[in-house]
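Each chain gets a letter, A, B and so on, in the order its sequence line appears, and its residues count up from 1. What's counted below: heavy atoms across the whole structure, side chains too, no hydrogens, waters or symmetry copies.
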2 protein chains.
Amino acid sequence: MLPRDSAQPPPGVGPVPGADTRQRLLDAAERLFAERSYEATSLRQVTAAAGANLAAVNYHFGSKQGLFRAVFLRRIEPINTERMGRLAALEAGEAAGQPVVLEELLRALMEPALDLARQEDGRWFARLVGRAFSEPGEHWTAVDAEFHEVRSAFVRAFARSLPHLPPTTLGWRLFFALGVQCVLLAGASQHQRITGGLAGDLAPEVVLDELVAFAAAGLRAPAGEPGT
Amino acid sequence: MLPRDSAQPPPGVGPVPGADTRQRLLDAAERLFAERSYEATSLRQVTAAAGANLAAVNYHFGSKQGLFRAVFLRRIEPINTERMGRLAALEAGEAAGQPVVLEELLRALMEPALDLARQEDGRWFARLVGRAFSEPGEHWTAVDAEFHEVRSAFVRAFARSLPHLPPTTLGWRLFFALGVQCVLLAGASQHQRITGGLAGDLAPEVVLDELVAFAAAGLRAPAGEPGT
DNA sequence: GTCTATATCCTGATAGAC
DNA sequence: GTCTATCAGGATATAGAC
């Protein structure tokens, strides 16, 4: 009997004097899960930051994992929809005889997520989702299915775009390319520390260009590089 | 008055019937911190896995963070020593007129850590250290200083090896290159899931080659890639 | 829908006997 | 060095009044 996705108060009513508890819980949890981590964040911290009651979490989301799942689904669904739309557009052109340029495929995959990172209300989520790659925990495996469709569709598209690569090589390079994207999402704010302050800040649009250029060059690297 | 690094029982005595509690605690904590996470691991789980008493953690390491720090330092110091040694060798050749090849610089940085990942007793630590890049938490900032020396030495070497790159571009690309390494350390076991089973398993030596080839190509990508 | 109050359990840390 | 026992507090989750 949880009001999962139902019964928002009628729109256009104005400030809604305190009715959007659900929304405020999602916002607060998103920020805290990103800033600390899922395990390090307590429901007490979430409800305090949201100005809500402790019991509200269980009422609206059933459990802490349910809260995490809701935080995650709220933002990943639009992103994945946009990714699939862009991929479909590229594939339509491909069917019409226009071969897909690797850089455009990378942008179709990465730009929707990186766009979020530069919007004020999406920065926390970007940091959070960047850790999906490497952070262990049940909260992640419980939402892993949301990646499947996009992942396999893009893997197929990359395989068509790089037909000369042996499958195992392609697999590892895609792993690297997806990994760089996640690392950027998770840690862009730390890059100054990591590179020893070598680079100044870069405008976010330029960072996307850098990311795409780096990943494309890596994917296109000559195969069979000799060792030491 | 903690026996931080003192008084191991005399070597050559044999099984040491139960005297190496400290070592067993480090091993158990390393595995659990890597498998779950620092926050998700309780000291009770650690001591149970180590066959030790709960109070032993506080006796040997002072606190949970002290335990983490000890787990970390035990392995990172030899790795960083080897990295600096290899870098010094490359720089000696450089001073003698032999320019440093980018791939060799990358191998000097990455091979010591990836070697660990393929040794039975280093696999857990590899997974753990791979998350240093993106995982938040005080336990990480408390050991961050251990990276400084190696980081800045290699950043300078990369800058000399890629003199044509503007500093900001170099900064981002190094961020990406270091990020790919961490992603591989943290998630090599997950790469099958992520790439949709496209790639079979690859022998670890070959993975290093793939990583170096990918990162080198990314670092050398033509600058000023045009946007969409 | 929102609240108070509470149940149940686990957390890191410590005191002090052996 | 290792143990038992325990402290003080925080964790998730729920029951039930309003």
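Evaluation of the side chain to side chain donor-acceptor pair (under 3.5 Å) rule for Glu35(A) yields Arg31(A) as partners, not counting sequence neighbours. By the salt bridge (Lys or Arg N to Asp or Glu O under 4.0 Å) test, Glu149(A) pairs with no residue at all, sequence neighbours left out. Every residue meeting the salt bridge (Lys or Arg N to Asp or Glu O under 4.0 Å) condition with Glu91(B), not counting sequence neighbours, appears here in chain and number order: Arg160(B). For the side chain to side chain donor-acceptor pair (under 3.5 Å) test, no residue two or more places apart in sequence or in another chain qualifies with Arg36(A). Every residue meeting the side chain to side chain donor-acceptor pair (under 3.5 Å) condition with Arg86(A), not counting sequence neighbours, appears here in chain and number order: Glu82(A), Glu111(A). Checked against side chain to side chain donor-acceptor pair (under 3.5 Å), Asn53(B) has no partners two or more places apart in sequence or in another chain. For the salt bridge (Lys or Arg N to Asp or Glu O under 4.0 Å) test, no residue two or more places apart in sequence or in another chain qualifies with Arg44(A). Residues satisfying the salt bridge (Lys or Arg N to Asp or Glu O under 4.0 Å) criterion with Glu135(B), sequence neighbours excluded, are Arg131(B).
Here the P atom of nucleotide dT12(D) and the CG atom of Leu32(A) are 12 Å apart, to the nearest Å. Rounded to whole Å, the distance from CG on Asp20(B) to P on dG1(D) is 11 Å. Going from atom CD of Gln23(A) over to atom P of dG1(C) covers 13 Å, rounded to whole Å. If you measure from atom OH of Tyr59(A) to atom P of dC18(D), you get 19 Å, rounded to the nearest angstrom.
Atom CD of Gln45(A) has more than 12 neighbouring heavy atoms from other residues, nucleotides or ligands inside a 6.0 Å radius.
Contact check of residues 136-143 of chain A against DNA chain C (heavy atom, cut-off under 4.0 Å) returns no residues at all.
From one end of the helix from dG1(C)-dC18(D) to dC18(C)-dG1(D) to the other, with five pairs defining each end axis, the axis direction shifts by 0° (rounded to 10°).
Taking only side-chain nitrogens and oxygens, Thr21(A) comes nearer than 4.0 Å to OP1 or OP2 of dT2(C).
Counting only residues at least two apart or in different chains, ring pair (Phe, Tyr, Trp, His ring centres under 6.0 Å) contacts with residues 64-87 of chain B comprise Phe33(B)-Phe68(B), Tyr38(B)-Phe68(B), Phe68(B)-His139(B), Phe68(B)-Trp140(B), Phe72(B)-Phe125(B), Phe72(B)-Trp140(B), Phe72(B)-Phe147(B).
Nearest heavy atoms, Val150(B) versus Arg83(B): CG1-CD, 4.0 Å.
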Contact letters for nucleotides 3-16 of chain C, in which S counts primed atoms plus P, OP1 and OP2 and B counts the base, heavy atoms under 4.0 Å: BB------BBBB--

